[in-house]
**Q** 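Below are the C-alpha cells for one structure; questions will follow.
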Protein chains: 2
Amino acid sequence: MDTTQLLKGVLDLAVLAVLDGEDGYGYDVVRRLRAAGLEEVGDASVYGTLRRLYAAGHLTSYVVPSAEGPHRKYYGLNVSGRAQLEMATKTWHGFADTMAALLTDPEVAA
Amino acid sequence: MDTTQLLKGVLDLAVLAVLDGEDGYGYDVVRRLRAAGLEEVGDASVYGTLRRLYAAGHLTSYVVPSAEGPHRKYYGLNVSGRAQLEMATKTWHGFADTMAALLTDPEVAA
DNA sequence: GCCGCTACTGCGTTCTGCGCAGTACTGTGC
DNA sequence: GCACAGTACTGCGCAGAACGCAGTAGCGGC
C-alpha cells in the first residue's frame with residue numbers, strides 16, 4: 001500500500017519529533033524515521049523538509065566535519081521549532097481522533 | 001491551523017467510511033464530513049474524490065431527481081469499495097500507531 | 001424577476017513527497 | 001592508483017490531491 005499521500009503534512013511533524021531532544025543531520029534523520037516505522041520515506045523528502053523547516057525559522061543549522069565521509073549538516077529545534085512541534089502535535093491528535101471516530105462510528109455523521 | 005495537507009490520502013478513507021452503510025450524494029457527503037469534524041473540507045475536494053473512487057470502480061452511482069433542487073447523484077459502496085475501505089482503514093491505523101509512537105517516544109528512533 | 005439554497009462540473013493553482021542524477025569525501029580491495 | 005561501495009547533501013522536474021473560484025441549473029419565496 002502506498003503511504004505517500006498519508007505523509008503529506010505529517011512529515012514535518014515526524015521530523016520535528018525526531019529532532020526533539022537530540023540534533024541530527026539529514027542522512028541520520030532518514031535512518032531514524034525508517035527505524036521508527038516510516039520505512040518508505042524518501043531521502044529527498046526529508047532533506048526537502050529540513051530545508052523547508054529551516055527556511056521557516058524552526059531549525060538551527062551547523063556544519064560538522066566527519067571522519068567517515070562528507071561534512072554533516074546538523075539541524076536542531078529552536079524555540080519556534082518547539083512551539084511548532086507542540087502545535088502540530090495537537091493538530092495531529094485532533095485530526096486522528098476525528099478520523100478514529102468517523103471510522104468506528106460513521107453514524108455521527110448520518 | 002491548516003489541515004489541508006493532513007487530508008491527503010485520508011479523504012478517500014473518510015468518504016468511504018461515510019458511505020458505508022448508507023448511500024449518499026455529493027452535497028450530502030460534504031455535510032456529513034463537516035458534521036463529523038472535518039469542517040474545513042472543500043466541496044470540490046469531495047466531489048473530486050467521489051469521481052475518483054467511482055472511476056476506480058469502488059462506487060456505484062445512480063441519479064435521483066429531487067423536489068428541492070437539481071437532481072442528486074447518489075453514490076454507494078460496492079464489493080470493491082468495501083474491500084478498499086477495509087484495507088485503507090488498516091493502513092490508516094498502522095500509520096496512526098507509528099506516528100503516535102514517534103510522538104510519545106522519539107527514542108525508538110534514536 | 002431576483003435572490004438564496006441546493007447540487008454538480010471544470011479549470012488552474014499550490015503544496016509536498018518522490019525519483020533520479022549529480023557532486024563529493026572516505027575507506028577497502030584489486 | 002583506481003574502481004567501487006558507503007556516507008552525505010543538492011537540484012530538477014514530475015505527480016497526486018486538495019482547494020478556490022467560476023459557471024450551470026433547478027427550486028421556492030419575496
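Convention: sequence-line order gives letters A, B, ...; per-chain numbering from 1.
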**Q** At less than 4.0 Å, is any side-chain N or O atom of B:Tyr25 found next to OP1 or OP2 of C:dC8? Yes or no.
**A** no
**Q** Quick check on DNA chain C: between B:Tyr74 and A:Val10, whose nearest nucleotide comes earlier from the 5' end?
**A** B:Tyr74
**Q** Could you state the NZ-C1' distance from A:Lys8 to D:dC14, rounded to the nearest angstrom?
**A** 11 Å
**Q** Start at the 5' end of DNA chain C and walk down; is the nucleotide closest to A:Gly69 or to A:Gly42 reached first?
**A** A:Gly42
**Q** If you look at every strand shown and take non-hydrogen atoms under 4.0 Å, does B:Lys73 touch a base, only sugar-phosphate, or nothing?
**A** sugar-phosphate
**Q** What is the distance, rounded to the nearest whole Å, between atom CG of A:Asp43 and atom C1' of C:dC18?
**A** 9 Å
**Q** At under 4.0 Å, does any side-chain N or O of A:Thr4 touch on OP1 or OP2 of C:dG17?
**A** no
**Q** In whole Å, what is the span from the OH atom of B:Tyr27 to the P atom of C:dT9?
**A** 15 Å
**Q** Nearest whole Å is fine: how far is C:dG4 C1' from B:Glu68 CD?
**A** 14 Å
**Q** Answer whether the closest heavy-atom distance between the side chains of B:Leu6 and A:Trp92 falls below 4.5 Å.
**A** yes
**Q** Within the structure, does a side-chain N or O atom of B:Tyr47 lie under 4.0 Å from either OP1 or OP2 of C:dC8?
**A** yes
**Q** Of the nucleotides D:dC19, C:dT16, C:dA7, which has the atom closest to the B:Gln5 side chain?
**A** C:dT16
**Q** Hey, what's the ring geometry for A:Tyr74 with A:Tyr62, parallel, tilted or perpendicular (30° and 60° as the breaks)?
**A** parallel
**Q** Could you give the CG-to-P distance, from B:Leu6 to D:dC19, as a whole number of Å?
**A** 11 Å
**Q** Can you tell me how far P of C:dG17 sits from CD of A:Glu39, to the nearest Å?
**A** 18 Å
**Q** Can a side chain N or O of A:Arg51 be found less than 4.0 Å away from OP1 or OP2 on D:dG11?
**A** yes
**Q** Check the distance between D:dC19's P and B:Glu40's CD and give it to me in whole angstrom.
**A** 8 Å
**Q** Can you measure from CG (B:Asp28) to CD (B:Glu22) and round to the nearest 0.5 angstrom?
**A** 7.5 Å
**Q** Please compare A:Ala44 and A:His71 by the position of their nearest nucleotide in DNA chain D and report the one closer to 5'.
**A** A:His71
**Q** Could you check which of D:dC19, D:dC9, C:dC15 has an atom nearest any side-chain atom of B:Val41?
**A** D:dC19
**Q** Find out whether B:Phe95 and A:Leu38 are in side-chain contact, i.e. whether some heavy atom of one side chain is under 4.5 Å from a heavy atom of the other.
**A** yes
**Q** Among C:dC15, D:dA8, C:dA7, which is the nearest nucleotide to the side chain of B:Arg31?
**A** C:dA7
**Q** Closer than 4.0 Å, any side-chain N/O of A:Arg52 to the OP1 or OP2 of C:dC15?
**A** no
**Q** Is B:Gly48 touching bases, backbone alone, or none of the nucleic acid, heavy atoms closer than 4.0 Å?
**A** nothing
**Q** Rounded to the nearest 0.5 Å, what's the gap from CG on B:Leu13 to OG1 on B:Thr49? Could you check?
**A** 11.5 Å
**Q** Does D:dG26 have OP1 or OP2 under 4.0 Å away from a side-chain N or O of B:Arg72?
**A** no
**Q** Just N and O in the side chain of A:Thr49: are any of them under 4.0 Å from OP1 or OP2 of C:dG17?
**A** yes
**Q** Walk me through whether B:Glu40 and B:Thr4 qualify under side-chain contact (heavy atoms from CB on, under 4.5 Å).
**A** CA-CA 8 Å; B:Glu40 302 172 43; B:Thr4 291; 5.8 Å; no
**Q** Expressed in angstrom and rounded to an integer, what is the separation of A:Asp28 atom CG from D:dA8 atom C1'?
**A** 11 Å
